[in-house]
Number of protein chains: 2
Amino acid sequence: MTGVSDTRRATDTGKAGAIRVLVVDDDPQILRALQINLTAHSYHVVTARDGRSALTSVGDVHPDIVVLDLGLPDLAGTEVIAGLRAWTQVPIVVLSARTDSADKVTALDAGADDYITKPFGMAELLARLRAAVRRSATATGGGERIVTFADVEIDLARKRVRRNGRDVHLTPTEWEMLELLVQHRGKLVSQRDLLLHVWGPRREDRTNYLRVYLAQLRRKLEPNPSHPRHLITEPGMGYRFETVSDTDEPVVAVAGDGEQAR
Amino acid sequence: MTGVSDTRRATDTGKAGAIRVLVVDDDPQILRALQINLTAHSYHVVTARDGRSALTSVGDVHPDIVVLDLGLPDLAGTEVIAGLRAWTQVPIVVLSARTDSADKVTALDAGADDYITKPFGMAELLARLRAAVRRSATATGGGERIVTFADVEIDLARKRVRRNGRDVHLTPTEWEMLELLVQHRGKLVSQRDLLLHVWGPRREDRTNYLRVYLAQLRRKLEPNPSHPRHLITEPGMGYRFETVSDTDEPVVAVAGDGEQAR
DNA sequence: CAGGGCCGTCAAGATCGCATCAAGATCGCC
DNA sequence: GGCGATCTTGATGCGATCTTGACGGCCCTG
């Protein structure tokens with residue numbers, strides 16, 4: 001991880017709730033200036049000095065937005081953008097000293113969200129960051145930030161889970177998984193998407209991780225962990241989060257009565 | 001609707017599938033230049049000359065993106081932006097002659113997605129439009145794609161199938177086949193295409209697989225599996241998915257020749 | 001009327017994927 | 001340096017899924 005100044009996990013609470021921004025630049029001056037300014041505006045800043053460490057640290061840090069300087073020593077700007085866009089939708093704001101229109105076009109078409117030419121005003125940068133974050137917030141979360149099912153309550157904004165009013169403690173990895181599933185409530189989330197979201201592109205094939213953590217989430221959240229009704233496996237395809245338990249269930253014999261029912 | 005040059009509704013198919021862009025500017029020169037350039041890049045262009053008509057025409061036209069010049073005669077730029085943001089998330093790209101940083105900040109914070117200062121290069125504008133459209137397309141999830149027939153409901157985005165409101169569980173292979181057929185609804189899908197899509201190039205000749213899985217799909221989805229009306233075999237050619245049950249059947253056709261129709 | 005394709009159906013064996021458990025390796029904090 | 005929490009990794013058993021072959025019906029052709 002050389003070149004990365006901060007390897008905290010997403011849910012580590014250096015500043016709970018602060019917006020995480022990854023700043024990528026090889027010029028220590030600019031890096032420092034941005035770090036100070038952004039921190040002053042209560043962003044949680046993580047920095048990287050080259051393209052490679054930028055790519056890896058996005059997987060580690062899960063920033064809410066990336067500020068990317070073009071002209072890094074190791075990789076071309078488009079390579080960095082493409083490397084990120086291959087697996088994440090995190091907003092990318094490009095900084096560049098080149099005013100050439102062609103550069104803007106290639107960067108934007110590679111998947112960047114915005115392009116600012118140096119020298120730039122800090123006020124403008126901040127405004128563009130706000131705009132980018134706002135967009136991605138409405139895109140992902142949009143409506144309800146609190147989801148409930150059974151006796152569980154999930155607060156996406158506060159990254160907090162309660163069950164019967166009591167806090168349920170989730171590890172960082174558990175939370176990352178649950179978050180992605182909840183954000184796509186009802187949708188099937190492929191194993192690949194889950195692995196990319198939680199572990200980044202380097203663990204794409206470790207499907208066994210999913211099994212372990214899904215089991216832990218079920219143990220913590222499902223009324224009956226061995227008969228999951230909300231964290232559902234779609235064999236061979238992926239997983240699905242469901243707020244309403246489907247009324248099916250093969251039934252456990254007749255006799256008796258209620259049974260733990262739904 | 002004075003001032004609006006085109007009042008087509010969203011569903012009017014002047015250019016089916018073309019991206020609709022609403023250009024708002026009071027300068028006829030710029031308006032015309034943009035109209036020509038954007039049309040040349042196969043956008044469907046609608047124009048407005050002032051803020052009021054811009055607000056109404058967004059409701060009428062449902063553009064995919066708005067290009068908004070600041071400095072309109074009737075309303076301030078922020079008012080237009082705020083008026084739109086009150087009810088729609090359509091991407092707004094602001095054009096302005098003023099390079100003042102404060103203007104950018106207020107426009108972006110009011111809800112604009114991007115800000116370009118005149119004079120600008122057409123290539124850059126086009127790239128920024130592409131970026132904005134791309135974002136909003138992925139944000140809205142590309143639209144709900146739900147196909148229904150009989151008592152069955154197929155949700156392509158969620159990869160989910162329901163019948164009479166109950167989930168129907170499909171195996172990965174079953175889903176892949178159904179997906180391809182549904183995506184080409186009404187069209188004939190050759191056996192080869194199906195085999196390639198589901199099993200890849202190594203099983204190109206295993207047409208018996210198709211029989212097995214088509215039978216399973218029919219068993220799970222067709223009202224009468226032995227008389228399929230929606231998953232239809234075209235002997236020797238391939239298969240076809242049909243949402244409307246063809247009123248064919250019984251009838252032995254008229255005397256004469258008839259031939260087996262369709 | 002016989003024969004050959006092509007298709008639908010069925011069932012059994014082989015394979016794959018998942019849940020679960022538990023132990024080692026790491027990390028972060030004191 | 002020690003300790004607890006967390007992450008990684010491997011082994012096992014079981015059920016779901018895929019693959020394969022056989023059989024019979026239908027339709028067209030000769």
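To find a chain, count down the sequence lines: A is the first, B the second, and so on, and within it residues start at 1. Just so it is clear, the model here is predicted, and its values are computed rather than measured.
A salt bridge links A/E179 to A/K159: at least one charged side-chain nitrogen sits closer than 4.0 Å to a carboxylate oxygen. Remark: B/D155 does not engage B/R162 in a salt bridge, criterion side-chain N to carboxylate O under 4.0 Å. Using a 4.0 Å cut-off between charged nitrogen and carboxylate oxygen, B/D167 and A/R240 do not count as a salt-bridge pair. Ion pairing between a basic and an acidic side chain is recognised when a charged N comes within 4.0 Å of a carboxylate O; A/E204 and A/R192 show such pairing.
Following rounding to the nearest Å, A/L210 (CG) and D/dG10 (C1') show an atom-to-atom distance of 17 Å. Atom CZ in B/R219 sits about 6 Å away from atom P in C/dC10, given to the nearest Å. Separating the CD atom of A/E234 from the P atom of C/dC18 is a distance of 11 Å, rounded to the nearest angstrom. Taking atom CZ of residue A/R203 and atom C1' of nucleotide D/dC7, one finds them 10 Å apart after rounding to whole Å. When the P atom of D/dT8 is taken as reference, atom CD of A/E176 falls 12 Å away, rounded to whole Å. For A/K220 and C/dT20, the NZ to C1' distance is 16 Å, given to the nearest whole Å. Distance, B/H227 NE2 to C/dC7 P: 18 Å, rounded to whole Å. In this structure, OH of A/Y209 is placed 17 Å from P of D/dT6, rounded to the nearest angstrom.
Between D/dT8, C/dG8, D/dT6, one nucleotide has an atom nearer to the side chain of A/Y213 than all others, and that is D/dT8. Proximity note for A/T233 (side chain, C-beta onward) versus C/dA19, D/dT17, C/dC7: the nearest is C/dA19. The nucleotide whose nearest atom lies closest to any side-chain atom of B/P172 is, among C/dG8, C/dA19, D/dT17, D/dT17. Among the nucleotides C/dT20, D/dT6, C/dC7, the one closest to the side chain of A/S226 is C/dT20. Of the candidate nucleotides C/dC18, C/dG8, D/dT8, D/dT8 has the atom nearest to the side chain of A/V212.
Contact annotation: A/Q191 side-chain N/O to C/dC18 OP1/OP2 distance is under 4.0 Å. Distances shorter than 4.0 Å separate some side-chain N or O of B/R206 from OP1 or OP2 on D/dT20. Between A/R211 and C/dT20 there is no side-chain polar atom (N or O) within less than 4.0 angstrom of OP1 or OP2. For the pair B/Y239 and C/dG8, the criterion of a side-chain N or O lying under 4.0 Å from OP1 or OP2 is met. Distances shorter than 4.0 Å separate none of the side-chain N or O atoms of A/T173 from OP1 or OP2 on D/dT6. Remark: A/H169 is in phosphate contact with D/dT6, judged by side-chain N or O atoms under 4.0 Å from OP1 or OP2. Proximity of B/W199 to the phosphate of D/dC18: no side-chain N or O atom is located under 4.0 Å from OP1 or OP2.
Ring geometry for B/F241 versus B/F149: interplanar angle over 60°, hence perpendicular rather than tilted (30 to 60°).
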